[in-house]
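Heads up, the thing below is written out as structure tokens.
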Number of protein chains: 2
Amino acid sequence: METIHKDRTYSIRQLSKEFDVTARALRFYEDKGLISPERKGQTRLYSARDRARLQLILRGKRLGFSLIEIHEILDLYTPKDHGTAQMRATLAKYRGQIETLKRQREDIEAAIKDMAEGCVWLEDQIHQHEAEASN
Amino acid sequence: METIHKDRTYSIRQLSKEFDVTARALRFYEDKGLISPERKGQTRLYSARDRARLQLILRGKRLGFSLIEIHEILDLYTPKDHGTAQMRATLAKYRGQIETLKRQREDIEAAIKDMAEGCVWLEDQIHQHEAEASN
DNA sequence: CATAATCTTTACGTTGACGTCAATGTAAAG
DNA sequence: CTTTACATTGACGTCAACGTAAAGATTATG
């Protein structure tokens with residue numbers, strides 16, 4: 001194992017190229033409190049942790065969550081408090097989020113099913129059409 | 001079986017209450033060409049088909065698609081042309097859509113997995129905390 | 001050293017998806 | 001027939017999520 005991995009930092013360009021988002025978007029996410037890269041003087045230095053958070057942000061976006069919702073989800077990923085009551089509350093949020101995701105998964109599966117059936121029907125039609133044409 | 005089912009129509013209020021969207025939204029969707037209810041004079045009359053389309057629209061929204069994307073998806077649901085070439089093209093779109101949905105499903109499953117692991121960890125922490133407290 | 005390439009902040013512009021308000025129409029109830 | 005309730009079409013407002021352009025600071029390169 002090399003030592004290089006955990007302490008690597010990324011420039012704003014590197015990250016924006018890697019994930020195909022604009023630098024503007026990254027600064028915007030920072031503005032909204034979703035990421036907080038360090039600074040070397042003026043310029044931003046993104047850590048591996050920042051990079052991971054960005055991945056979560058983008059996944060959230062692909063799933064149709066707003067930046068505010070994503071912010072709340074990110075909060076679930078950042079361990080902070082240690083009171084039992086707080087931990088129970090956090091646990092409840094986790095579970096709520098899981099329920100949300102499961103409902104979404106059902107939507108997706110219904111959509112996939114619909115589309116797959118449409119495929120079958122269409123393939124069938126095409127075959128019939130071809131059979132007709134060859135007579 | 002009763003005869004009442006297929007020919008029922010819905011007012012804009014009925015639909016908006018049933019699906020918990022505003023009348024404004026329904027008119028907006030119409031403006032964008034997503035639904036086309038008939039008119040009795042001025043007022044809109046939504047058919048069972050319109051209702052079904054609305055369900056698809058809302059599902060699309062829950063999955064994070066834009067109205068434009070939803071419009072394209074709705075097009076896939078409305079059979080229209082009969083040329084073999086067109087049907088092949090449509091089939092390709094179906095398949096593309098399925099791929100999109102499958103990628104989304106993978107995102108969701110990853111998210112669910114993350115959250116579930118977080119749950120386990122949290123439950124563990126809470127148990128340890130309680131064990132400590134009882135000594 | 002000059003200049004080009006990147007970075008920064010500030011600020012205004014844009015697009016999507018509606019909300020809200022005004023002015024008006026119409027249909028059922030009392 | 002008047003009131004009450006819900007319908008319609010504009011037109012403008014709003015919020016999120018960036019895009020874009022301006023102007024300056026810093027770093028890299030010939």
Side-chain angles (χ1 to χ4, degrees), chain A residues 8-47 50-51 53-75 97 100 104 107 111, chain B residues 8-47 50-51 53-75 97 100 104 107 111:
Chain A
R8 262 219 66 184
T9 72
Y10 308 80
S11 80
I12 195 168
R13 284 296 149 186
Q14 282 172 348
L15 238 62
S16 71
K17 292 215 166 184
E18 181 176 357
F19 293 104
D20 196 35
V21 295
T22 65
R24 176 67 178 94
L26 294 180
R27 296 195 191 100
F28 186 74
Y29 298 153
E30 186 176 348
D31 231 56
K32 297 292 164 178
L34 301 186
I35 328 179
S36 311
E38 300 187 359
R39 302 292 181 109
K40 175 188 150 199
Q42 282 268 76
T43 81
R44 286 165 241 267
L45 277 186
Y46 294 85
S47 68
D50 293 324
R51 206 189 91 113
R53 286 178 73 92
L54 179 56
Q55 285 183 338
L56 290 174
I57 293 172
L58 298 179
R59 186 164 77 188
K61 296 212 66 182
R62 287 193 300 272
L63 294 177
F65 292 103
S66 74
L67 291 188
I68 292 178
E69 289 168 330
I70 292 173
H71 191 284
E72 291 165 5
I73 296 173
L74 284 175
D75 284 348
Q97 181 61 20
T100 301
Q104 216 170 335
D107 270 331
Chain B
R8 262 218 65 183
T9 72
Y10 307 80
S11 80
I12 196 167
R13 284 295 150 187
Q14 283 172 347
L15 237 63
S16 71
K17 292 215 166 186
E18 180 175 358
F19 293 105
D20 196 36
V21 295
T22 65
R24 176 69 178 91
L26 294 180
R27 297 193 193 101
F28 186 75
Y29 299 152
E30 185 177 347
D31 229 56
K32 297 291 164 180
L34 301 187
I35 327 180
S36 311
E38 298 187 1
R39 301 294 181 109
K40 175 189 151 199
Q42 282 268 75
T43 82
R44 282 159 246 259
L45 277 186
Y46 294 85
S47 68
D50 293 324
R51 206 188 90 112
R53 285 177 75 92
L54 178 56
Q55 285 183 339
L56 289 174
I57 292 172
L58 297 179
R59 186 163 78 188
K61 295 212 66 181
R62 286 194 300 273
L63 295 179
F65 293 104
S66 74
L67 292 189
I68 292 178
E69 288 168 330
I70 291 173
H71 191 285
E72 291 165 4
I73 296 173
L74 284 175
D75 284 349
Q97 182 62 21
T100 301
Q104 219 169 336
D107 271 331

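Just so it is clear, the model here is predicted, and its values are computed rather than measured.
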For this session: Give A:R27 one of three labels, base, sugar-phosphate or nothing, depending on what nucleic acid heavy atoms sit under 4.0 Å from its own.
Result: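 Counting heavy atoms under 4.0 Å across all strands, the contact made by A:R27 includes a base.
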Exercise. Base, sugar-phosphate, or nothing for A:K61, non-hydrogen atoms under 4.0 angstrom?
Worked result: sugar-phosphate
Problem set entry | Result of checking A:R24, A:R53, A:R44 against A:E30 for salt bridge (Lys or Arg N to Asp or Glu O under 4.0 Å) |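 That would be A:R44.
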Where the side chain of [X] is concerned, which of [options] is the nearest nucleotide?
| X | options | result |
| --- | --- | --- |
| B:I12 | C:dC18, C:dA17, D:dA7 | D:dA7 |
| B:I68 | D:dT8, D:dC18, C:dG16 | C:dG16 |
| A:R13 | D:dA17, D:dT8, C:dC7 | C:dC7 |
| A:T22 | C:dA17, C:dC7, D:dG19 | D:dG19 |
| A:R44 | D:dA17, D:dC18, C:dT9 | C:dT9 |
| A:F28 | D:dC6, D:dA17, C:dT8 | D:dA17 |
| A:R24 | C:dT9, C:dA11, C:dC7 | C:dA11 |

What is the distance, to the nearest angstrom, from the [atom1] atom on [X] to the [atom2] atom on [N]?
| X | N | atom1 | atom2 | answer |
| --- | --- | --- | --- | --- |
| B:L26 | D:dC6 | CG | C1' | 15 Å |
| A:E38 | C:dC7 | CD | P | 18 Å |
| B:L67 | C:dC18 | CG | C1' | 9 Å |
| B:L45 | C:dA27 | CG | C1' | 14 Å |
| B:Q14 | D:dA5 | CD | C1' | 15 Å |
| A:R39 | C:dT8 | CZ | P | 6 Å |
| A:E30 | C:dC7 | CD | P | 14 Å |
| A:K32 | D:dA17 | NZ | C1' | 8 Å |

Exercise. Is a side-chain N or O of A:R39 found less than 3.5 angstrom from the main chain of A:L45, in a donor-acceptor match?
Worked result: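 No: the side chain of A:R39 does not pair with the backbone of A:L45.
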Problem set entry | Flag, side chain of A:D107 to backbone of A:Q104, donor-acceptor distance under 3.5 Å | no
For this session: Using the ring of B:Y10 (Phe, Tyr or Trp, six-membered ring only), decide whether B:R8 places NZ or CZ under 6.0 Å from its centre and within 45 degrees of its axis.
Result: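 Judged by the rule, B:R8 and B:Y10 form a cation-pi pair.
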Exercise. So which of A:D50, A:I70, A:L67 actually passes side chain to side chain contact (heavy atoms under 4.5 Å, CB included) with A:Y29?
Worked result: A:L67
Exercise. Between A:Y29 and D:dA17, is there a side-chain N or O to OP1/OP2 distance below 4.0 Å?
Worked result: no
